[in-house]
Amino acid sequence: MTATSLSVVLFLPLVANAAPSSCEALAKFALPDASITLAQSVPAGEFAAPEGFRPGPGDPSAKALTAALKELPPFCRVAATLKPTPDSDIKVEIWMPETNWNRKYEAVGNGGWAGSISYSAMTAALLSGYATSSTDTGHPNGGGSFALGHPEKLIDFAWRSEHEMTVKAKAVIKAFYGDVPKLSYWVGCSSGGKQALKEAQTFPDDFDGIAAGAPVLNWTHRSIEALWVAQAALKDPASYIPPEKYPLIHQAAIAACDEKDGLKDGIISDPSGCRFDPGALECKEGDSPQCLTHPQAEAARKIYAPALNTRTGEQLSPGFEPGSELGWRAIAGGPEPFSAAGDYFKYVVFHDPNWNWRTFNLDTDSALADRVDDNTINATNPNLTRFASHQGKLIMYHGWTDTNITPRATVNYFEKVQEQMGGPAKTAQSVRLFMVPGMNHCGGGDGPNVFNMTNALEHWVEDGKAPDQVLASHLTGGKVDRTRPLCPYPQMAQYKGTGDPNDAANFVCK
Ligand SMILES: [Ca+2]
C-alpha cells in the first residue's frame, strides 16, 4: 500500500454518517433501557438553572453562573431517564450547541453524593463549543441515604450512571449532528475526579482525555480519615480545637516550613519536607487564645498524622498537610464528623441510619468497610494500560491544602500508577499529576489556584504537546496578584532567585 492510499483509508469515517435530526425530533429517538423526557431548542441566553440549584466544588458562584447562562449560544437540550436495572432512575441531560459545535464531547463530573445535574460545569463546556452531558448519578438530593436498601442505586452512583450517560450521550450526539464526536473528554473534580479515574480504569475506551481533580479515589479510606479526625478532635470536648485557634497553628506551620522551598511567600510548596510539631504551641500554664492545651495539641498532631491500623500498621490514610489549617473546620469543626463519612458508614457499611460514629473502631470497622466496597465506589486500580494504549491522556491535580480529601492519597496513587506502567518516564507519556501549592479543595486558597486543565489536556490530546507546566493565577477581588507555573509531580516551581516572585516567568519547574 502506498502512502497516498494509506492516508485515503485513514480518512474514511469509522462510523457511517447519518442525516442530522431536528432537536424536537429527538423526543422520539429510541435508546435501549432509557426514555427521552425532553428535547427542546433553547434560544441564546434563555436557559435558567432550576430552583434550588447549587454550584458544585470548584464551580463559579451562583452569581457568576447566572451571568454565564446569559452568554450561552442556542442549544438543543435533551433530558433522559436511564434504567439499566429495574431499580435504576438515572437522570441525564445532554446539551448540544446549535451553532459552532467544536465537534467534541465533554462529559462533566459531580460533587459529593451528587443527586443533581452539574449545570455550572455544563455551562462552561457549552460556552467552549462542546456538546456536553451530566447525570444526577441516579438519585435526587445529596447525602448517602439513597443507598439504604438500594444496592443497584449504589452501583449507579459508583460508576454505572457515568458510563451509561456517556454511551447514551454519544448516541444522541450522533443522532442530532449526524456524526459522532471526533474526540471525547471527561472533566471533573472531587467526586468528579473519582468518576474520572473510574472511567479510565474500567471503561478505558469511553474517553480520549480525562482531567481528574482532587479525586475521592478511595471513598472508603477518605471516610475513615474523617472519622479518625472526628475521634481525635470531636469525641472528647477537651480535644476540640476552637476554629479561632486555626490561624495560630497555621502561622506556626508557615513559620516552620515556608522558606524550605526556597522562597518566603506564605506558601509551603513542598509539605513533604515540612516537619512541624503543633506541640511547640502547647500552653505553659492554663489555656489562652495564644496557645494549645495538651489535648488540643494532640488532636492537631493526629490531623497531620497518618491513620494506621493499630494491629497491622497498615496506613489507612496519609493525614492532612501542614499549611491546611485554615480549612480544618470542614473536618474538625464539629459537632458531627465530615458528613459524607458519616453517611458512608451509616447507609453503605452498616445499613443503619442510627449508627453512631463515636463507636467507630479504626481496625475492625475499616476492614469491614473495605470488604463492603470491594471496588464498587473506590477507583484505586493503578492499571491504566488500556487507557494509555489508545493514546488516552490523563491529567490529575490536587491542592496541597485540601482539607476534604488528603492530597497525599493522590500522590500515593500516582506513584502506584508509575510502578504499574513501567516507571515515571513511560507514565509521563499518558498520565501526569500536578500538585497545587496553597490550593484548597478544587479551588481557593493562598496559592495560585485558577488554571485551565481542560486546555492543557486538549493540547496534549490534539496537538501531542504534553504539559510540562501549567500556568496558574491567584486573584484577589477579581484581580490577578500572583502567577506561578504548576509542575508535573515530582517537579516543583522553583524561584530563579531574581525578579518579581509574583510573576510565573521567574520560576522554573524542576
Ligand atoms: Ca514558600
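The analysis underlying the following values was restricted to heavy atoms, covering all of them including side chains, and did not include hydrogens, waters or symmetry mates. For ligands, and for the atoms within them, numbers begin at 1 and follow the listed sequence.
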Please assess Trp113 against Phe157 for the test ring pair (Phe, Tyr, Trp, His ring centres under 6.0 Å), listing each intermediate value before the final yes or no. CA-CA 8 Å; Trp113 290 99; Phe157 165 74; 5.3 Å; yes
Trace of the salt bridge (Lys or Arg N to Asp or Glu O under 4.0 Å) decision for Asp265 with Arg484: CA-CA 12 Å; Asp265 59 351; Arg484 187 79 54 95; 3.1 Å; yes
Among the N, O or S atoms of Asp258, which one sits nearest to the Ca ion (ligand 1)?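 Of all N, O or S atoms in Asp258, the Ca ion (ligand 1) lies closest to OD1.
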For the Ca ion (ligand 1), what is the closest N, O or S atom on Asp265?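 Within Asp265, restricted to N, O or S, the Ca ion (ligand 1) is closest to atom OD1.
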SB check Asp270 Lys260 (cutoff 4.0 Å):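 Answer for the salt bridge query: no.
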Can an N, O or S atom be found in Leu263 less than 3.0 Å away from the Ca ion (ligand 1)?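 Under 3.0 Å: Leu263 contacts the Ca ion (ligand 1) through an N, O or S atom.
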N/O/S from Lys264 sitting under 3.0 Å away from the Ca ion (ligand 1):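 It does not: Lys264 brings no N, O or S atom closer than 3.0 Å to the Ca ion (ligand 1).
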Does Lys496, at its NZ atom, have more than 12 non-hydrogen atoms belonging to other residues, nucleotides or ligands within less than 6.0 Å?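 Yes, because the 6.0 Å sphere around NZ of Lys496 holds more than 12 heavy atoms from other groups.
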